[in-house]
Amino acid sequence: MRIPIAAGNWKLNYGPQQTAEFLQSIRSELTEVQGVVNLVFPPYISVPAAVQALNGSNIYVGVQNVSEHTQGAFTGEVSAVMAAELCSWTIIGHSERRMYHHETDEMTHSKILRALDAGLSCVVCVGEQLAQREADNSEAVVAGQIQRGLASLPAEKLKDIVIAYEPVWAIGTGRAASRDDAESMAQMIRSVFAEMYGASSAQDLRILYGGSATAANIAAFMESPEIDGALVGGASLKPEFVQISRIIAESRR
Ligand code: PGA
């Protein structure tokens with residue numbers, strides 16, 4: 001069985017002090033939720049505070065991005081090897097990175113390779129924009145992101161890959177995708193992955209839904225056997241994240 005995941009993408013929210021306060025406030029309740037992998041992704045500067053606040057708990061800390069470079073003259077960047085000194089996960093290819101920082105599938109691909117090499121597990125984000133959806137292009141767009149972004153990965157590292165399907169129009173809008181749409185995209189993603197890496201790797205692949213996921217709508221997504229949890233933005237900044245984690249865990253009991 002695939003162990004489900006509740007992941008919180010904090011984006012540009014919570015400096016070190018707020019990180020420590022928030023995590024101390026949810027730590028004990030979140031730790032009690034069994035049968036789910038809980039992940040939090042604070043901003044880089046807050047990662048040490050998060051690691052410290054969660055020390056000895058079963059809640060994992062990750063970063064929101066890694067550099068495609070390993071070292072050198074790249075002002076403002078942090079390498080996967082550096083991130084791996086403090087934490088075990090990274091998000092890669094979030095749509096906000098693709099939109100505002102011009103990340104291509106090729107950059108996403110090299111970041112994934114760097115991250116896997118450094119021993120980080122990756123939540124790789126894919127998803128179509130509204131115009132692409134309206135042009136009936138969603139499946140082709142997402143399939144292309146998977147094929148290019150996840151090309152030629154070492155077989156022994158496939159277990160370290162999680163895919164988050166996040167339709168761009170659903171992110172931060174309060175307008176989540178429907179369960180059926182998310183399910184059919186997850187099926188499509190799994191079949192593309194199967195073509196690339198075989199049926200058994202595809203069966204083991206965890207696929208999350210992201211985009212205005214809340215405690216109110218997550219149960220519906222989890223009714224689909226194709227969806228293995230959520231990548232949560234706004235609602236992960238609140239105690240609501242504990243509820244979301246609990247609902248995800250209970251859906252697989
Ligand atoms: P949201 O963000 O839950 O605030 O829509 C999700 C994400 O961007 O990962």
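Just follow the structure's listing: the first ligand is 1, and inside any ligand the first atom is 1. Numbering starts at 1 and runs along the sequence shown.
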Side chain [X], main chain [Y], donor-acceptor under 3.5 Å:
{"X": "Ser95", "Y": "Val168", "value": "no"}
{"X": "Asn13", "Y": "Trp10", "value": "yes"}
{"X": "Arg190", "Y": "Glu226", "value": "yes"}

Could you list which atoms of ligand 1 come closer than 4.0 Å to a heavy atom of [X]?
{"X": "Gly234", "result": "1 (P), 3 (O), 4 (O)"}
{"X": "His94", "result": "7 (C), 8 (O), 9 (O)"}
{"X": "Gly211", "result": "5 (O)"}
{"X": "Ser212", "result": "1 (P), 3 (O), 5 (O)"}

Specify the protein heavy atom at minimum distance from atom 3 (O) of ligand 1: its residue, its atom name, and the distance to 0.1 Å.
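Its nearest protein heavy-atom neighbour is Gly233 N, 2.8 Å.
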Please state which protein non-hydrogen atom is closest to atom 9 (O) of ligand 1 and give its distance, to 0.1 Å?
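I find the closest protein heavy atom is Glu166 OE2, 2.7 Å.
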Side chain or backbone, does [X] bring an N or O within less than 3.5 Å of an N or O on ligand 1?
{"X": "Glu96", "answer": "no"}
{"X": "Lys11", "answer": "yes"}
{"X": "Gly172", "answer": "yes"}

Using a 4.0 Å heavy-atom cut-off, which part of Asn9 comes near ligand 1: side chain, backbone, both, or neither?
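For Asn9, only side-chain atoms sit under 4.0 Å from ligand 1.
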Any side-chain heavy-atom pair of [X] and [Y] under 4.5 Å:
{"X": "Arg133", "Y": "Asp181", "value": "yes"}
{"X": "Arg179", "Y": "Met222", "value": "no"}
{"X": "Val37", "Y": "Arg206", "value": "yes"}
{"X": "Ile91", "Y": "Leu231", "value": "yes"}

Give a yes/no verdict on whether any heavy atom in Gly210 is under 4.0 Å from an atom of ligand 1.
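Gly210 does not count as a contact of ligand 1 under the 4.0 Å cut-off.
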Using the side-chain contact (heavy atoms from CB on, under 4.5 Å) definition, which of the options Leu150, Asp204, Ile92 pairs with Ile161?
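One option only clears the test, and that one is Leu150.
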